[in-house]
Amino acid sequence: MPTPDKLFTNLLKQLSPQQQVESVVPLDLPQADGGVDAPVEVPLSGVIMVTGATGGVGRRVVSRLLAAGKHVRALVRDLEKAKVMLAGDTRTVWYWELPPQSELPVAAGGKLELAAADVVQRQTLLPEMFEGVRAVVCCTAVKVAPKEGDTADRAKYNQGIKFYDPEVVGDTPESVEYSGMLNLLDAAADGLGVQGGVQLLHHSGQSSPRWGPLDDVVMGGVSSSGVELVASAGEEGGDAWVFSGNVSTDNMGGFASVRTRNMDPPLDLAPYEGIELRLLGDGQRYKFIIRPDANWDGIAYCSSFDTQPGSWQTVRLPFANFFPVFRAKRLKEGQQGAQPLDPSCISSIQIMLSKFEYDGELNPHFRRGPFRLPFSYISTYLPRGVPPRFVHVSSAGVTRPNRPGINVDMEPPAVKLNDALGGILTWKLAGEDALRSSGVPFAVVRPTALTEEPGGMPLELDQGDTVKGKISREDVADLCVALLSCPAAANTTFEVRSTVPFSQPWTIDPAQPPPPRDWATVLAGAKLRRGVTGRTVGGVYTGRLTEEEALKAAGVKPAAKAAA
């Protein structure tokens, strides 16, 4: 259910329509003649948000998504600067000596919008900026620059901190890498979906004020029902919500139900595949009803489910299986309102026990009289094999500061300068941990030193945070986009580097560029494992093992892990 903060921001949205219009600015970008050769296919529908979109990796991600025909929303701090960096609009700005991007390759369906906000300032992340966002590629990073100064296009920075004495400029690593991640997750998670789903009814007591009875008394019947939280009615003696009552067929009646009050704003459940119910069956057939608007007696979407008597069971109702009805009559294709259910706008839900099925048919598993249906929970569920919906560009080396036995002098400059740079890697790791614990399907990419060299380098993916070297920003951008369609990489953390030595420049022949990389094969060949972070827990470096495996191998008891 919406938090008070979200209710307040929704109220502000209604009271300030002019602000709503200006918060997301579309850019008019012409589509490329003759089509575009997209580097990778992205089957994801909806808006893809790119944060840090004017940075070296971020603007390349934007370009590749547009080439794939995607709807991109770039989250930027400076709107006018972004118009120059992303769209080459030099008319709006005259005081930056910035080289504009070359014309963006926009395939059919491609669309670019700008949203001016700062992840450090939660109040700037307005709800309308995240409407329809189904994936995030986070390229936000604290700004590091040479102490001696840099050119307008950050030429020195792009060489890597190996070549200059760096300092943090602007916001601190804590505010950008950690607080910024928390703010972004708070704003975006609802639209991305989480592993536990949206809890519509839960044994903890959630949602109790929103449900109420709706029985056949509205049409002259005498049935009665209700839903209440009952102690010890759940699994293993726990609590459960119990939908119970008495169904009578007297006075032409024959149904009992409970329904939520209309939700304002409506629920956006599009990130999920359907509704999951955990219940103790009684052998009868019930209806689950979804209403897409606030109309009391309008079109509804139904899906029936059977229950097994006397046993706890999990019932899944995919949104694709719901069909439109009006007063228990199915709407046929071509009739007004007969379109499929849109789970992005759900106003109310209802559970019903009815003598009637649809189109005048009778429920074959109906018994009049008393009934009782306990629920442990009603929630949404994610599709099986979902790819990452939040791709985060972090950094190799984040787990190395204070790692036992590490030789700091042999590490990259960022590790040696971690404290001098405000704990930059420490806070990057904290941001990663926040993402990993959010429940959002994610992928954390840890590149080694970023360079402005061409893409196409031979690459190596690894886990355990030990690799060093370099990698082109071009390749990192390609990887980020590819991850949006790779279920095998969901909920993984890994490092990526080129096998080209740091001292060896990488060049390509423009007349014979390297063939497109088969990212699906690369990611499958890496055999990435979920739960591997390379962190040090309880004084134990976990390496390529999960924390549980590493602690067990080291003979550390679980209690020591909690203390860490």
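Hydrogens, waters and symmetry mates are skipped; everything else that's a heavy atom, side chains included, is used.
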query: By salt bridge (Lys or Arg N to Asp or Glu O under 4.0 Å), which residues pair with Glu495, not counting sequence neighbours?
result: Arg446
message: Quick test of your reading of the model: are Arg122 and Asp186 salt-bridged, counting only N-O distances below 4.0 Å?
response: yes
query: In chain order, what residues pass the side-chain hydrogen bond (donor to acceptor under 3.5 Å, both in side chains) check against Ser347, with sequence neighbours excluded?
result: Asn262
message: I'd like to know if the side chain of Ser438 reaches the main chain of Leu435, judged simply by a donor and an acceptor atom lying under 3.5 Å from each other, with no hydrogens or angles considered.
response: yes
query: With Phe323, which residues qualify under ring-ring contact (aromatic ring centres under 6.0 Å, His included), at least two apart?
result: Tyr358
field: Residues that Pro458 engages under side-chain contact (heavy atoms from CB on, under 4.5 Å), provided they are two or more places apart
entry: Thr499, Val500, Trp506
statement: Applying salt bridge (Lys or Arg N to Asp or Glu O under 4.0 Å) to Lys428 and not counting sequence neighbours gives Glu177
- request: With sequence neighbours excluded, give me every salt bridge (charged side-chain N to carboxylate O under 4.0 Å, His left out) pair touching residues 501-511.
  value: none
query: Quick one: salt bridge (Lys or Arg N to Asp or Glu O under 4.0 Å) partners of Asp465, sequence neighbours excluded?
result: Arg400, Arg403
- prompt: What residues, two or more places apart in sequence or in another chain, satisfy side-chain hydrogen bond (donor to acceptor under 3.5 Å, both in side chains) together with Thr533?
  reply: none
message: Listing request: all salt bridge (charged side-chain N to carboxylate O under 4.0 Å, His left out) pairs with a residue in residues 105-119, at least two apart in sequence or in separate chains.
response: Arg73-Glu113, Lys111-Glu113
task: For Arg134, enumerate each residue passing the salt bridge (Lys or Arg N to Asp or Glu O under 4.0 Å) test, keeping only those at least two apart in sequence or located in another chain.
output: Asp268
message: Using the side-chain hydrogen bond (donor to acceptor under 3.5 Å, both in side chains) definition, which of the options His392, Gln463, Glu432, Arg436 pairs with Thr493?
response: Arg436
- prompt: What residues form a ring-ring contact (aromatic ring centres under 6.0 Å, His included) with Tyr178, not counting sequence neighbours?
  reply: Trp427
- request: Report the residues that fulfil side-chain contact (heavy atoms from CB on, under 4.5 Å) with Pro501, sequence neighbours left out, ordered by chain and then residue number.
  value: Ser503, Gln504
